[in-house]
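Note sheet for the following structure.
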Amino acid sequence: MSGGLLSIEQAQARLMAQADASRIEDSESVALAEADGRVLAEAVCAAVDLPPWPNSAMDGFAFRHADLSRQPLPVSQKIFAGMHPGPLQPGSCARIFTGAPLPPGADTVEMQENAELLEDGRVRFAEPLPVIGRHVRPQAGEARRGEEVLARGTRLGPTELGLAASLGAGRLRVVRRLRVALLSTGDEIVELDQPLGPGQIYNSNRYLLHAWLRRLGCDVVDLGILPDDPAQIRTRLDGVAGADLILSTGGVSVGEADFLGQILREQGELIFWKLAIKPGKPLTCGQYRGIAVIGLPGNPASTLVTFALLARPYLLRRLGVERLEPLGFEVPASFDRLTASSRREYLQARVNEGRVVLHSNQSSGVLRGATWADGLVEVPEHRSFRAGEPLRFIPYAQLLA
Ligand code: AMP
Ligand code: MG
């Protein structure tokens, strides 16, 4: 704890424990083309050997390696991809193309660039001669029939779908979509079809989160905007049915119009509140009538950072994903930090010529910095440093998927 605030690791651990206790067990079968972004509910095992038969990795000539001592070799057959060749005549070679099955009896391929076609139609191979097995993709070299190739809990993306397709898996069993009830709070927040009145701002968090939740494969029920009125918030929460998570923004700090924590404390359970991070300090986590609640702070950059670092891994863990740590890498800072911060900071940053540079406006109320940035840079708490200090940079590509 840092001055009564939870560290991000403590908050993540508590959220993961909550997620583990409420993993989604239901699954559905979906066509491969519809499976992008979903999470496997059961492992994918190879239904066939991959490749199903030995084949050539090159355009060239296939032969038995032992016959190289007898070269030049006559060409006894020509094998294109998709053909089903008969056995190789002993002492000969076969003209072969990439992806074509090796004829029984052949064990090696030499690429055509290293082969010379003689006047009499025979082929001589250039030194150095290939080693046995060269340019042959062996049967089951990628996967043996029955072998697990994608584990349960794997998040499916283009590469996983490609692999499943190469095994002929036309449908996959995936965890059912999470149902997220999305709620925006604040007397000042208006929808985009309204003209802005005095003191009002447009609801940006709704669009940020809705798009992100869709990418995470969630079904989103939009509960709209609620005023800063505890009775109305409670009534709306009471009306939520069948959601796995209530995700709200705003109304979580200690201002006089911040009611979510209060409602959870009185009518539900407040699991934690307030983190030692910047932006994003007043994150609220709890449950209301048995439904998990995550209340993100309303400032758009705070919403972004807390969703990326806490809500996103929580949602994925509920779907059964184990590997959640976003890949980051260390980049030397381009700036000094002469006064240590008591909270860990996540700043909008780019990597430029091997150094991490910051957007000029790091206000938690500002989203423009995030559209400029390629990721977040983590600035450790309680540490001052000079330019050159290695800092962890987490690309948005890791977080926004
Ligand atoms: P709050 O967490 O309610 O104290 O809000 C913090 C800041 O975020 C205030 O400036 C709010 O106006 C702003 N804010 C809250 N909700 C939204 C929203 N949905 N879209 C844009 N800004 C918001
Ligand atoms: Mg508010």
Side-chain angles (χ1 to χ4, degrees), residues 5-6 8 11 180-214 218 220-237 240 243 245-265 268 270-286 288 293-312 343 345-348 359 361-373 400:
L5 307 182
L6 222 52
I8 186 150
V180 179
L182 186 60
L183 184 65
S184 315
T185 71
D187 287 338
E188 75 282 29
I189 312 299
V190 294
E191 263 333 324
L192 310 189
D193 52 3
Q194 305 289 310
L196 275 188
Q200 296 184 325
I201 58 168
Y202 287 122
N203 187 358
S204 54
N205 291 335
R206 174 186 178 181
Y207 293 88
L208 187 159
L209 291 174
H210 194 277
W212 210 339
L213 289 164
R214 293 293 302 165
C218 299
V220 184
V221 180
D222 203 306
L223 301 184
I225 299 171
L226 279 180
D228 291 311
D229 168 27
Q232 288 197 51
I233 297 175
R234 210 173 292 125
T235 308
R236 191 67 61 91
L237 293 183
V240 174
L245 174 72
I246 297 169
L247 183 66
S248 75
T249 63
V252 287
S253 45
V254 278
E256 277 175 39
D258 293 310
F259 300 111
L260 188 71
Q262 188 187 314
I263 291 171
L264 295 183
R265 211 177 281 115
L270 182 66
I271 297 169
F272 66 81
W273 176 54
K274 283 200 180 178
L275 308 182
I277 62 170
K278 186 179 172 186
K281 179 169 138 190
L283 181 103
T284 301
C285 168
Y288 187 80
V293 179
I294 295 180
L296 305 177
N299 275 310
S302 308
T303 301
L304 169 69
V305 167
T306 50
F307 189 89
L309 301 177
L310 295 143
R312 178 181 177 276
R343 290 184 272 157
E345 293 185 23
Y346 290 90
L347 305 177
Q348 307 297 338
H359 190 260
N361 190 341
Q362 296 288 340
S363 162
S364 59
V366 162
L367 263 187
R368 270 184 83 180
T371 65
W372 170 92
L400 286 172

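For ligands, and for the atoms within them, numbers begin at 1 and follow the listed sequence. All heavy atoms count here, side chains included; hydrogens, waters and symmetry mates do not.
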Which of the atoms of ligand 1 are close to N203, meaning less than 4.0 Å from one of its heavy atoms?
18 (C), 19 (N), 20 (N)

NZ of K278 to CG of L347: how many Å apart, nearest 0.5 Å?
8.5 Å

Which atoms of ligand 1 sit under 4.0 Å from any heavy atom of G251?
1 (P), 2 (O), 3 (O)

Contact check, side chains of L226 and F259, non-hydrogen atoms, under 4.5 Å:
no

Give, for atom CG of L6 and atom CD1 of I277, the distance between the pair rounded to the nearest 0.5 Å.
10.0 Å

Shortest non-hydrogen separation from L223 to L183 and the atoms involved
CB-CD1, 3.7 Å

So, applying side chain to side chain contact (heavy atoms under 4.5 Å, CB included) with T249, which one of L209, L208, I294 is it?
L209

Check ligand 1 against I201 and write out every atom of the ligand that is under 4.0 Å from a heavy-atom position of the residue.
12 (O), 21 (C), 22 (N), 23 (C)

For atom 8 (O) of ligand 1, which of the options G298, G365, S204 provides the nearest non-hydrogen atom?
G298

If you round to the nearest 0.5 Å, how far is CG of L192 from OH of Y207?
4.0 Å

Counting from 1, what ligand 1 atoms have a heavy atom of Y202 closer than 4.0 Å?
20 (N), 21 (C)

With heavy atoms under 4.0 Å as the rule, classify the contact between N205 and ligand 1 as side chain, backbone, both or neither.
both

Under-4.0 Å heavy-atom contact with ligand 1, by part of E188 that carries it:
side chain

Heavy-atom contacts under 4.0 Å between I225 and ligand 1: side chain, backbone, both, or neither?
neither

If the cut-off is 4.0 Å to any non-hydrogen atom of G250, which atoms of ligand 1 fall inside it?
1 (P), 2 (O), 3 (O)

Close side-chain approach of L260 to T185, heavy-atom, < 4.5 Å:
no

